[in-house]
Amino acid sequence: MNKQELILKLKAIIKPYTTNTEAFDNLTEETDFINDLSINSANLVDIILDIEEVFDVVIDNTDMERMLDVKTAVEIIETKLAAK
């Protein structure tokens, strides 16, 4: 799976949780989940659980705390997939 495919899957996971559709439509690797997409911390946990399910990976607490933007989320997912 290349980075673009991974970002498309990630967008599908994020979409139900964001209230800022303009920021979502213009999502880039620099997009911040909380500041740009207006996702609250409880929903961020839901997103991480969905990522674990969709990509069949386990995200530990250290990675969870770092996963605040698209770029970091992609890096963590790529690392977890490569370790499988």
Side-chain angles (χ1 to χ4, degrees):
M1 176 181 325
N2 67 34
K3 186 179 278 191
Q4 206 54 44
E5 292 170 330
L6 199 150
I7 290 173
L8 285 174
K9 275 190 168 184
L10 189 58
K11 277 186 82 168
I13 293 169
I14 296 167
K15 187 171 185 163
Y17 300 102
T18 184
T19 55
N20 187 338
T21 53
E22 184 180 338
F24 178 80
D25 292 339
N26 299 310
L27 184 133
T28 68
E29 286 192 20
E30 310 309 316
T31 302
D32 184 281
F33 294 136
I34 295 168
N35 296 325
D36 297 329
L37 297 177
S38 305
I39 295 171
N40 66 37
S41 55
N43 284 342
L44 197 51
V45 172
D46 291 332
I47 289 170
I48 291 169
L49 294 173
D50 290 349
I51 288 170
E52 288 182 323
E53 187 177 322
V54 169
F55 292 99
D56 191 29
V57 294
V58 175
I59 297 171
D60 57 36
N61 288 342
T62 305
D63 286 335
M64 202 179 289
E65 290 170 8
R66 291 179 37 233
M67 199 179 284
L68 299 174
D69 59 48
V70 173
K71 184 175 185 177
T72 307
V74 168
E75 288 171 0
I76 291 168
I77 294 166
E78 285 178 329
T79 302
K80 299 292 182 186
L81 291 174
K84 285 176 71 174

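One-based numbering along the sequence shown.
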> Under 3.5 Å, is there a donor-acceptor pair between the side chain of E65 and the main chain of T62?
Replying inline: no
> Can you name the nearest heavy-atom pair linking L27 to I7, along with the distance?
Replying inline: CD2-CG2, 4.1 Å
> Who are the side chain to side chain contact (heavy atoms under 4.5 Å, CB included) partners of S38, not counting sequence neighbours?
Replying inline: T19, N20
> In chain order, what residues pass the side-chain hydrogen bond (donor to acceptor under 3.5 Å, both in side chains) check against T79, with sequence neighbours excluded?
Replying inline: none
>> Show every side chain to side chain donor-acceptor pair (under 3.5 Å) that has at least one partner inside residues 43-60, sequence neighbours left out.
In response: Y17-D50, D56-K84
>> Is there a continuous path of hydrophobic side-chain contacts, each under 4.5 Å between heavy atoms, that joins V74 to M1?
In response: yes
>> Under the rule for salt bridge (charged side-chain N to carboxylate O under 4.0 Å, His left out), what residues qualify as partners of D63, not counting sequence neighbours?
In response: R66, K80
> With ILVMFWY side chains joined below 4.5 Å, transitively, what does V45's cluster contain besides itself?
Replying inline: L49
>> Can you pull out every salt bridge (Lys or Arg N to Asp or Glu O under 4.0 Å) where at least one residue sits in residues 8-18? Sequence neighbours excluded, please.
In response: none
> Under the criterion side chain to side chain contact (heavy atoms under 4.5 Å, CB included), which of I39, L44, T31 is the partner of I14?
Replying inline: I39
> Got a sec, which residues hit side chain to side chain contact (heavy atoms under 4.5 Å, CB included) with I51, two or more places apart in sequence or on another chain?
Replying inline: L10, I13, I47, F55, I59, M67, I77
> What pairs meet the salt bridge (Lys or Arg N to Asp or Glu O under 4.0 Å) rule with one or both residues in residues 16-41, with sequence neighbours excluded?
Replying inline: K3-E29
